[in-house]
Amino acid sequence: MLKESVADFGQVGLGLRREMLDEMLIDVPKPIEFLEVAPENWLKLGGRFGKQFKQLTEQHAFVCHGLSLSIGSPAALDIDFVQSLKAFFKEHNIRLFSEHLSYCSGEGHMYDLMPIPFTEDAIKHVASRIMQVQDILEQPIAIENVSYYGAPGQQMTELEFTNAVLEEADCKLLLDVNNIYVNSINHGYDAEQFLAALPTKRIAYGHVAGHYTEAEDLLVDTHGAPVIDPVWQLLEKAYEVHGVFPTLLERDFNIPPMSELLTELKTIEALQQTASKQNQARVKHSA
């Protein structure tokens with residue numbers, strides 16, 4: 001039986017990387033209220049790192065963002081892996097699990113996130129696998145809208161496909177604002193229209209990150225650079241349209257000093273505070 005709601009875990013989050021551990025054990029600075037890890041990187045980690053991680057999860061709110069569930073794969077779902085996730089989540093009081101709306105395995109593991117064909121058959125296939133995972137975990141999961149660079153066998157738009165999967169699977173949405181921006185440039189659609197058409201009621205939390213500009217019409221989602229102004233503006237729009245939701249900063253490499261990450265985290269916090277005041281004013285005015 002699925003739990004009906006997702007636990008509250010704060011408003012501003014940061015992706016935890018192993019090189020941050022020592023600093024975080026001394027102090028998790030404000031405005032960070034929750035941390036996110038890829039469970040694959042921590043499931044079997046013992047020794048000093050394992051003890052440090054356990055210490056952090058006992059003291060702070062954590063969510064997990066998976067890399068290898070391969071929810072869209074034609075290969076059989078790895079049930080043993082899902083069971084190991086369930087035990088890991090229980091041990092560390094993980095508030096929410098999210099995964100990518102993509103796949104990374106077939107006959108073998110390709111170590112990259114591949115695009116799922118936007119088809120009716122794929123909707124049914126992916127939704128059934130999401131529901132199976134939710135049943136095993138006994139809790140809702142969130143599915144992230146992903147960046148993609150090709151659309152094989154496309155029968156509908158990315159937006160139509162994403163919304164159909166969320167509805168069919170009755171799951172949550174991890175709203176990645178940078179991915180919307182990247183895809184809007186690469187595939188030529190209106191980012192704000194895409195954003196506005198996503199289901200507010202399904203948003204569990206959001207991601208923002210930086211990307212790499214290969215060309216004017218080709219952006220690569222890297223999580224290796226600061227967030228750019230158009231992405232901040234799109235996050236501001238997201239709060240205006242959907243209300244304020246928990247938002248996490250991703251930075252996977254070229255990781256700067258914490259002081260620089262805090263500047264971006266404080267930008268998230270400031271946008272949330274401004275949006276909350278504006279939304280309250282709108283409600284008051286319409287009453």
Side-chain angles (χ1 to χ4, degrees), residues 6-10 12-71 73 75 77-100 102-105 108-113 133-134 136-139 141-142 144 174 204-205 207 209-210 221-225 246-262 264-265:
V6 174
D8 179 38
F9 41 79
V12 179
L14 177 66
L16 177 69
R17 303 298 174 256
R18 202 171 298 176
E19 52 266 50
M20 301 176 186
L21 266 177
D22 289 337
E23 189 172 0
M24 287 293 191
L25 283 165
I26 297 171
D27 177 50
V28 175
K30 294 181 178 180
I32 300 170
E33 294 181 320
F34 70 102
L35 297 163
E36 178 192 81
V37 293
E40 292 87 346
N41 294 336
W42 302 86
L43 267 169
K44 298 180 180 180
L45 195 66
R48 179 171 67 90
F49 286 131
K51 290 178 181 177
Q52 289 177 326
F53 181 64
K54 180 63 173 175
Q55 183 178 336
L56 276 176
T57 61
E58 287 175 342
Q59 297 173 356
H60 304 283
F62 270 78
V63 297
C64 277
H65 186 45
L67 301 173
S68 64
L69 184 60
S70 201
I71 202 69
S73 173
L77 192 66
D78 188 340
I79 302 299
D80 289 342
F81 174 63
V82 180
Q83 292 284 9
S84 69
L85 288 178
K86 185 176 183 178
F88 179 79
F89 298 161
K90 184 177 180 180
E91 178 185 359
H92 293 286
N93 191 29
I94 302 301
R95 310 299 178 87
L96 179 68
F97 173 57
S98 64
E99 250 290 358
H100 302 82
S102 59
Y103 72 99
C104 58
S105 63
H109 200 294
M110 292 176 280
Y111 298 100
D112 208 349
L113 299 174
V133 172
Q134 292 184 137
I136 295 170
L137 295 179
E138 299 183 273
Q139 65 184 51
I141 68 172
E144 180 188 48
L174 166 49
Y205 72 115
H207 275 174
D221 179 37
T222 60
H223 305 171
T247 305
L248 180 131
L249 175 68
E250 292 185 292
R251 191 64 178 262
D252 291 344
F253 69 100
N254 294 333
I255 298 175
M258 183 58 67
S259 59
E260 292 184 30
L261 294 176
L262 285 173
E264 294 190 288
L265 290 163

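The structure displayed is predicted, hence computed values, not measured ones. Numbering of residues begins at 1 and proceeds along the displayed sequence.
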I'd like to know whether CD of Gln59 has more than 12 heavy-atom contacts from other residues, nucleotides or ligands below 6.0 angstrom. yes
What's the spacing between Arg18 CZ and Met24 CE if we round to 0.5 Å? 15.0 Å
State, without any angle test, whether His60 and Glu33 hold a side-chain donor-acceptor pair at a distance under 3.5 Å. no
His92/Glu58 under side-chain contact (heavy atoms from CB on, under 4.5 Å): CA gap, chis, key distance, verdict: CA-CA 7 Å; His92 293 286; Glu58 287 175 342; over 6 Å; no
Apply ring-ring contact (aromatic ring centres under 6.0 Å, His included) to His223 and list each qualifying residue two or more places apart in sequence or on a separate chain. none
Closest non-hydrogen atoms of Cys64 and Ile94, given as atom of the first, atom of the second and distance, are N-CG2, 3.7 Å
Quick one, Met258 and Leu14 - any side-chain contact, counting heavy atoms below 4.5 Å? yes
Between Leu174 and Ser98, the two heavy atoms sitting closest are CD2-OG, 3.5 Å
Audit row: Ile71, Val133, side-chain contact (heavy atoms from CB on, under 4.5 Å) steps and yes/no: CA-CA 9 Å; Ile71 202 69; Val133 172; 4.2 Å; yes
Distance in Å, Ile136 CD1 paired with Ile79 CD1, rounded so as to fall on 0.5 Å steps: 4.0 Å
Given the rule in the side-chain contact (heavy atoms from CB on, under 4.5 Å) test, do Met20 and Ile255 qualify, once you have shown the distances and angles that lead to the verdict? CA-CA 9 Å; Met20 301 176 186; Ile255 298 175; 4.0 Å; yes
Distance-minimising heavy-atom pair for Ile141 and Gln134: N-OE1, 3.1 Å
Where the side chain of Arg95 meets the backbone of Phe34, is there a donor-acceptor pair that is under 3.5 Å apart? no
Near Lys54 NZ, under 6.0 Å, is it more than 12 heavy atoms from other residues, nucleotides or ligands? yes
Holding to ring-ring contact (aromatic ring centres under 6.0 Å, His included), I want the full list of residues that pass it with Phe89, two or more places apart in sequence or in another chain. Phe97
Matching residue for Glu36 among Leu249, Leu16, Leu248 - test: side-chain contact (heavy atoms from CB on, under 4.5 Å): Leu248
Main-chain N/O of Ala225 paired to Asn254 side chain as donor or acceptor, under 3.5 Å: no
Can you check whether Phe253's main-chain N or O pairs, donor with acceptor, with Arg251's side chain at less than 3.5 Å? yes
All side-chain hydrogen bond (donor to acceptor under 3.5 Å, both in side chains) counterparts of Asp22, not counting sequence neighbours: Gln52
For the CD1 atom of Ile32 and the CG atom of Asp27, what is their distance to the nearest 0.5 Å? 8.5 Å
Which heavy atom of Leu265 sits nearest a heavy atom of Gly13, and at what distance? CD2-O, 3.2 Å
Determine yes or no for a side-chain-to-main-chain donor-acceptor pair under 3.5 angstrom, with Glu40 supplying the side chain and Ser68 the backbone. yes
Indicate whether any N or O donor in one side chain lies under 3.5 Å from an N or O acceptor in the other, for Glu99 and His65. no
Treating Ser70 as the side-chain partner and Cys104 as the backbone partner, does any N or O pair qualify as donor plus acceptor under 3.5 Å? yes
Hey, what do you get for NZ (Lys51) to CG (Leu56), rounding to the nearest 0.5 Å? 15.0 Å
Could you report the tightest heavy-atom contact between Pro29 and Leu262, atom names first, then the distance? CG-CD2, 3.9 Å
Do you know which two heavy atoms are closest between Leu43 and Ser84, and how far apart they sit? CD2-O, 3.7 Å
Side chain to side chain donor-acceptor pair (under 3.5 Å), paired with Lys86, selected from Glu138, Gln139, Glu91: Glu138
Look up atom CG in Leu113 and atom CG in Leu67, then write down how far apart they are to the nearest 0.5 Å. 7.5 Å
Is Leu261 close to Pro256 at the side-chain level, that is, under 4.5 Å between some pair of heavy atoms? yes
Do Leu69 and Leu77 have side-chain heavy atoms sitting under 4.5 Å apart? yes
Result of checking Phe62, Phe88, Phe53 against Trp42 for ring pair (Phe, Tyr, Trp, His ring centres under 6.0 Å): Phe53
Close side-chain approach of Arg17 and Asn41, heavy atoms under 4.5 Å: no
Using ring centroids (six-membered ring only for Trp), state whether Tyr205 and Phe9 fall under 6.0 Å. yes
